[in-house]
K.L.:
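Quick one: this structure, given as structure tokens, is what I'll be asking you about.
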Amino acid sequence: MAEFTKQVRDTFDFHRLVFRIGELGTMTGVSARQLRYWEKKGFITSQERTDGQQARVYTFKTLIKVSMMKHFLDMGFTLTAAEHQSTAREQRVKYIHRFISTGLQGLANIDGQMALNLGAFDDQQTLMAFLPDDGPITYRLLPNAEAQRLTDETDE
DNA sequence: ATTCTAACA
DNA sequence: TGTTAGTA
């Protein structure tokens with residue numbers, strides 16, 4: 001792999017992107033006191049540390065959770081209710097992501113237009129979806145071989 | 001400079 | 001929940 005690509009990858013590898021309590025606080029508008037309390041209640045988690053340090057480390061995932069909880073708190077929910085709402089939304093997002101990633105086989109270029117390969121329609125045909133900049137989505141069925149030939153795999 | 005826990009004029 | 005004290 002090209003060195004440049006590797007550098008870009010590292011830059012955007014948010015698994016390594018972590019925050020301490022002060023940063024997370026200013027980003028979300030939630031006080032350090034609240035963050036520690038929420039953790040004690042089990043609503044959020046901080047990263048386990050093997051080194052002897054005690055300063056909490058939060059992952060990107062926790063940032064999302066805290067942001068959602070803050071959102072629902074501002075809407076007037078109690079802390080417990082806000083946590084439930086956040087968890088429920090997280091589950092819906094996971095479900096939708098699984099639904100889409102399972103169905104999407106890749107992107108195809110057909111007559112210079114981009115289309116989504118939505119997988120097998122039957123034994124011979126593949127369902128393709130076209131997304132125009134304006135107008136509604138349209139669908140076409142292509143022979144499996146042709147669809148295969150025009151599709152760039154999304155996975156790697 | 002920042003975070004930690006524990007406690008409250 | 002905020003704030004403060006005394007640490008690491």
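Every chain is numbered from 1 and lettered A, B, ... according to where its sequence line falls, protein lines coming before strand lines. In this text the structure is predicted, and so the values were computed from the model without any measurement.
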K.L.:
Going through the distances and angles, do A:K40 and A:Y37 end up as a side chain to side chain contact (heavy atoms under 4.5 Å, CB included)?
P.N.:
CA-CA 5 Å; A:K40 186 147 55 78; A:Y37 180 66; 4.2 Å; yes
K.L.:
Tell me the stems DNA chain C sits in, counting at least three consecutive Watson-Crick or G-U wobble pairs, each under 3.5 Å on both distances.
P.N.:
B:4-8 with C:2-6
K.L.:
What is the separation between atom OH on A:Y37 and atom P on B:dC4, rounded to the nearest whole Å?
P.N.:
18 Å
K.L.:
A:W38 CH2 to C:dT1 C1': how many Å, rounded?
P.N.:
12 Å
K.L.:
Going by atom types alone, do A:E83 and A:T87 pair a side-chain donor with an acceptor below 3.5 Å?
P.N.:
yes
K.L.:
For A:S46 and A:E39, which I'm curious about, is there any donor-acceptor pair between the side chains at under 3.5 Å?
P.N.:
yes
K.L.:
Is the side chain of A:Q125 donor-acceptor paired with the backbone N or O of A:D122 at a distance under 3.5 Å, no angle test?
P.N.:
no
K.L.:
For the pair A:Q91 (side chain) and A:A88 (backbone), establish whether a donor and an acceptor sit closer than 3.5 Å, ignoring hydrogens and angles.
P.N.:
no
K.L.:
May I ask you to decide if A:Q113's main-chain N or O and A:D111's side chain share a donor-acceptor pair within less than 3.5 Å?
P.N.:
no
K.L.:
Whole angstrom is fine here: how far is it from NZ in A:K40 over to P in B:dA7?
P.N.:
12 Å
K.L.:
Do side-chain atoms of A:N109 reach the backbone of A:T151 as a donor and acceptor pair under 3.5 angstrom?
P.N.:
no
K.L.:
OP1, OP2 of B:dC4 versus side-chain N and O of A:R36: anything below 4.0 Å?
P.N.:
yes
K.L.:
Judged by atom type as modelled, is there a donor-acceptor pair below 3.5 Å linking the side chain of A:K65 to the main-chain atoms of A:F43?
P.N.:
yes
K.L.:
Keeping the roles fixed (side chain from A:S101, backbone from A:H97), state whether a donor-acceptor pair exists under 3.5 Å.
P.N.:
yes
K.L.:
Flag the pair A:T62 / A:F60 as yes when at least one side-chain heavy-atom distance between them is below 4.5 Å, and no otherwise.
P.N.:
no
K.L.:
With a 3.5 Å distance limit and no angle check, can you tell me whether A:T102 reaches the backbone of A:F99 through a side-chain donor-acceptor pair?
P.N.:
no
K.L.:
Which ones in residues 57-73 of chain A lie close to DNA chain B, meaning a heavy atom under 4.0 Å from one of its atoms?
P.N.:
none
K.L.:
What is the distance from CG of A:L24 to P of B:dC4, rounded to the nearest Å?
P.N.:
11 Å
K.L.:
Using a 4.0 Å heavy-atom cut-off, write out nucleotides 2-8 of chain C from 5' to 3' as B (base contacted by protein), S (sugar-phosphate only) or - (no contact).
P.N.:
BB-----
